[in-house]
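Worksheet: one structure, shown below.
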There are 2 protein chains.
Amino acid sequence: MTSRAESAAATRRALLDAAAELLDSGGLDAVTLRAVGARAGVTRGAPYRHFPDKESLLIAVGTQAWDTLGDRMHALRADPGLSPAEKMRNGLIALIDIGRFQPHLYKLMFSNPPGDPTALARAAQRSQTEFLAVVADLVGEQDARRYAALLISSASGIAGLEASGQLADPKWGGVSAEDLTDTLVDMVAGKRSPAPATDDLPPGTP
Amino acid sequence: MTSRAESAAATRRALLDAAAELLDSGGLDAVTLRAVGARAGVTRGAPYRHFPDKESLLIAVGTQAWDTLGDRMHALRADPGLSPAEKMRNGLIALIDIGRFQPHLYKLMFSNPPGDPTALARAAQRSQTEFLAVVADLVGEQDARRYAALLISSASGIAGLEASGQLADPKWGGVSAEDLTDTLVDMVAGKRSPAPATDDLPPGTP
DNA sequence: TTGAGTCAGTTGACATCGTCATCTGAAAGC
DNA sequence: GCTTTCAGATGACGATGTCAACTGACTCAA
């Protein structure tokens, strides 16, 4: 019925899912190898048959999240119903939404482990390359690298500030992550809007 | 010579310094209450006479860093030799430099503890309020809140990406944190520069 | 079919960590 | 001078990451 390899793969998947769920619900402190094992139906030592380290398990969770975002970016880029600016905005919002709804996972995605500083950066490759192509469609190849780097940096910063609750401070006048993203996209797209942003979305998705 | 209160205050300071040094050199994992105590010349239980919690000690370290940055922002704002745009740029670079040279401290400054989500946000107040005033000098009161929030978000994102090593990826064409900051400042200041950024700093500090 | 080999999973053990209860001794106040 | 206060030391406990040894079921060649 189930071969040994299949069973092992299923356990590995269960461990990843368990770790992701624990991270979502209880934060990084809740991700204990014992808890992960229990939720996956195995004991504390079992994860060491699939990951050399607790850190490696967490990196795998972060990599999974980057891959999922990469798929979304790819689909977004291929969507014929969206303008380049809309693709750009939606891509940034997709990243910000992770920070909004899965703050612990988001933090993990941007935390470089001391072991392999490039592990998560490699996982982020596809997402960022897809986004780079979207930006190039809007501002041209020449400036795409610089603007894409700026946009991703800014979006991750917006998500970070919102995740830490600092965006809710009244001194910012109740500005939302979407407001900031729109301001940013407008600036890059060349149509600076000095008027207060009361409009949320340019018409395009009725 | 040294009263009991003075001695206690000195110990508290020593604990904070020890925690900050350990954080800088070895990351968050190196900040152990035992190690902090040892470096401060006391034993593992002593920190509990000054901080209710290890988390509280870390929050105090982060608060100290925010206060220092706040002083810098204040001095920057009062500097008569700098244009508003230069003040803005220097303020952002000051934040980015923390991420560059003290990445662990930087991460701590933006990590909201589960205990009191507003503790670090309160500490960040002054820095951000000073910066808000600088931005208002450049773009007016009307848009200052939105642009200041965007600039701080972006700068923290730039610092975060650089701290995680992702900015060094060749797909960004070797863009630096300063390049991105300049691009951002130029966009907000209204003079969009579609040309590649080969100039680093506008003349002003001979 | 059978036997050895592989390997996912279990279990026991250890060092380290945060934290608490208790103890000690010196400074502070009457 | 006596009592109080409190910074610091110490012992202990539970939880955690990790390793070594063990177990047992699956795999595969002969």
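As the structure is a prediction and not an experimental result, all values here were calculated from the model. The chains referred to below are lettered A, B, ... by the order of the sequence lines, with proteins before strands, and numbering in each begins at 1.
Using a 4.0 Å heavy-atom criterion, one finds that Val31(A) contacts the sugar-phosphate atoms exclusively. Contacts of Ala8(B) with the nucleic acid, taken as non-hydrogen atoms under 4.0 Å apart, involve only primed sugar atoms and P, OP1 or OP2.
For Thr32(A) and dT16(D), the shortest distance from a side-chain N or O to OP1 or OP2 is below 4.0 Å. For dG9(C), the OP1/OP2 oxygens have a side-chain nitrogen or oxygen of Thr11(A) closer than 4.0 Å. An OP1 or OP2 oxygen of dG8(D) is reached within less than 4.0 angstrom by a side-chain nitrogen or oxygen of His50(B).
Atom pair Leu57(A):CG and dT16(D):P shows a separation of 15 Å (rounding to whole Å applied). Remark: P of dC17(C) and NZ of Lys54(A) are 15 Å apart, rounded to the nearest angstrom. When rounded to the nearest whole Å, the span between CZ of Phe51(A) and P of dG17(D) equals 15 Å.
Comparing dG18(C), dT18(D), dA7(D) against the side chain of Leu33(A) picks out dT18(D) as the nearest. The side chain of Asp53(A) sits closest to dT18(D) out of dG8(D), dT18(D), dT19(C). Residue Tyr48(B) places its side chain closer to dC20(C) than to any other of dA9(D), dC20(C), dT11(C).
Note: Leu180(A) CG to Leu151(B) CG = 10.0 Å, rounded to the nearest 0.5 Å.
A donor-acceptor contact under 3.5 angstrom links the side-chain atoms of Arg44(B) to the base of dG11(D).
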